[in-house]
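One structure below.
Counting starts at 1 for both ligands and their atoms, following the listed order. Position 1 is the first residue of the sequence; numbering continues from there.
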Amino acid sequence: MRRDLPRNLDRDAGVRGPAVAASSPAQAYRNASLWQRGRGQRLIAFAGVRPGELVLDLGCGTGGLTRQLAELVGPDGRVLGIDPDEARIELARRTAGAPNLEFQVAAAETLGEVARNRPFDLVFSNFVFHWIRDKRAVLRLMRDLLRPAGRILVQCVSSLPALVGELSRLADPSGERILRDFAFEEAAALAHHVEGAGLQLLRLEEQHGTHVYPTLDALLRWWQATTHDRFDPRTVEPAALSRFAEQHGDGGAFRVRETFCWFEARLAPAHSWGRGG
Ligand SMILES: C[S@@+](CC[C@H](N)C(=O)[O-])C[C@H]1O[C@@H](n2cnc3c(N)ncnc32)[C@H](O)[C@@H]1O
């Protein structure tokens, strides 16, 4: 029996990121992404993962949620986590600790080769789709990996948070380039892609949340790690950074307000008819 995703948005406000101290960008990212992981845990609770299921975690990062999925499927199930960031996958492998858990370096766009002949009960993806340019093509690849009764659960950011847009533009000359790497799309566009990919949309919700960084340093490190080091605080003029801090610091803390959405989809009836079992 599936449970509803908790809906009290106010619970997101005040989730504080740590004052990150870490020796590599992958470790910094793991430490600084608590908010997104919390949202991912809610999505996992909604997914109603059952023992014995085969699960794909697309864009698994350092594998925190992938490990939770592996616990839920138990020894008779399997979980595959993929991510194009080698350092994150290496960290994920080092902390995997479960025989039913596998990690591979790969991007969503190559899913067909990576996971060929491995039908999944659940294809899960938390805060990755806003990096994916051709969402419809990736959704088709995800669709082709689903068992007939399988489901897809995706959560992603739908538009650029104003605060990090402003912060990124302070970086010279990389600011605008950093922002061009993202591929934000709003809920209506996602719905369109889902249906265009031969999937049936079961549920889609747009939500708002706030993550709080206790210091400017914590905000900078999180954004540097999130952008895979493309945002480099050393390229920002100190005077511009001070003005940014004065303008946006709230008792020394920084609030990133995000609009994000999540959806659940499965094979559209026309697709499942053509597939066995
Ligand atoms: C915000 S992190 C989320 C990590 C993990 N899903 C979680 O919730 O903790 C986004 C991840 O997406 C990965 N990513 C970016 N582009 C991708 C692509 N084209 N295919 C698969 N993963 C991608 C990044 O390397 C990064 O680890």
Side-chain angles (χ1 to χ4, degrees), residues 5 12 15 17-18 20 22 24-47 49 55-70 79-93 95-96 101 103-115 120 122-142 145 152-158 160-161 164 178-185 193 209 211 221-231 256 258-262:
L5 200 66
D12 277 343
V15 172
V20 184
S24 77
Q27 278 170 327
Y29 179 76
R30 183 180 60 183
N31 296 348
S33 56
L34 290 180
W35 185 84
Q36 288 182 349
R37 213 168 312 145
R39 298 294 325 176
Q41 282 162 348
R42 292 181 195 199
L43 200 59
I44 288 177
F46 175 80
V49 179
V55 178
L56 174 68
D57 184 4
L58 176 64
C60 61
T62 51
L65 296 175
T66 331
R67 281 191 293 283
Q68 288 180 22
L69 289 164
V79 181
L80 170 65
I82 73 158
D83 198 288
D85 186 316
E86 287 182 26
R88 289 185 189 178
I89 287 292
E90 196 194 314
L91 195 54
R93 281 186 182 134
T95 46
L101 182 55
F103 290 103
Q104 279 190 39
V105 177
E109 293 76 3
T110 63
L111 254 188
E113 295 144 46
V114 175
F120 292 95
L122 169 66
V123 178
F124 174 90
S125 185
N126 193 50
F127 286 99
V128 178
F129 254 52
H130 47 265
W131 293 101
I132 292 178
R133 216 144 280 283
D134 193 344
K135 294 179 179 50
R136 193 173 298 201
V138 166
L139 282 163
R140 281 197 189 107
L141 295 174
M142 292 161 89
L145 295 175
I152 290 175
L153 274 172
V154 169
Q155 180 157 246
C156 60
V157 184
S158 14
L160 176 72
V164 288
I178 292 165
L179 299 178
R180 279 201 296 273
D181 283 346
F182 288 97
F184 297 110
E185 289 193 56
H193 294 318
H211 32 127
R221 284 170 182 266
W222 164 70
W223 191 236
Q224 182 168 13
T226 289
T227 60
H228 303 259
D229 267 345
R230 284 175 207 128
F231 171 76
V256 178
E258 247 174 28
T259 302
F260 58 97
C261 57
W262 69 273

Is [X] in polar range of ligand 1, meaning some N or O pair under 3.5 Å apart?
| X | value |
| --- | --- |
| H130 | no |
| Q36 | no |
| A108 | yes |
| W131 | no |
| C60 | no |

* L160 to L179 - nearest heavy-atom pair and separation -> CD1-CD2, 3.8 Å
* Write down the atom of H130, the atom of V157, and the distance for their closest heavy-atom approach. => ND1-N, 3.0 Å
* Should the pair W35 and H211 be assigned to parallel (<30°), tilted (30 to 60°) or perpendicular (>60°) ring geometry? ->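 Because their plane-to-plane angle is under 30°, the rings of W35 and H211 count as parallel.
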* Among V105, T226, D83, D134, closest by any non-hydrogen atom to atom 24 (C) of ligand 1 ->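 The residue whose heavy atom sits nearest atom 24 (C) of ligand 1 is D83.
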* Given N126, V138, L34, which has its nearest heavy atom closest to atom 3 (C) of ligand 1? -> N126
How does [X] reach ligand 1, by side chain, by backbone, by both or by neither, if only non-hydrogen atoms under 4.0 Å count?
| X | value |
| --- | --- |
| L65 | side chain |
| S125 | neither |
| R37 | neither |

Please list, in number order, the atoms of ligand 1 under 4.0 Å from a heavy atom of [X].
| X | result |
| --- | --- |
| H228 | 24 (C), 25 (O) |
| D85 | 25 (O) |
| G61 | 4 (C), 27 (O) |

* If you measure from CD on E90 to OG1 on T95, what distance do you get to the nearest 0.5 Å? -> 10.5 Å
* Any heavy atom of R39 sitting closer than 4.0 Å to ligand 1? ->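 R39: no contact with ligand 1 (<4.0 Å).
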* Is the closest heavy atom of P84 to ligand 1 under 4.0 Å? -> yes
* **Partners meeting side-chain hydrogen bond (donor to acceptor under 3.5 Å, both in side chains) with H193 (sequence neighbours left out)** =>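 Residues passing side-chain hydrogen bond (donor to acceptor under 3.5 Å, both in side chains) with H193: R136, E185.
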* For the side chain of N126 and the backbone of R37, is there at least one donor-acceptor N/O pair under 3.5 Å apart? ->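 No; zero donor-acceptor contacts below 3.5 Å.
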* Answer yes or no: is there a donor N or O on one side and an acceptor on the other, between the side chain of T259 and the main chain of S158, under 3.5 Å? =>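 Not confirmed, T259 side chain does not pair with S158 backbone.
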* **Results of salt bridge (charged side-chain N to carboxylate O under 4.0 Å, His left out) for R133 - residues two or more places apart only** => none
* With V105 as reference, evaluate D83, I89, D85 under the side chain to side chain contact (heavy atoms under 4.5 Å, CB included) test and give the passing residue. =>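 So the option named by the test is I89.
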* Between W222 and T226, a side-chain donor and acceptor under 3.5 Å ->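 Judged by distance alone, the side chains do pair up.
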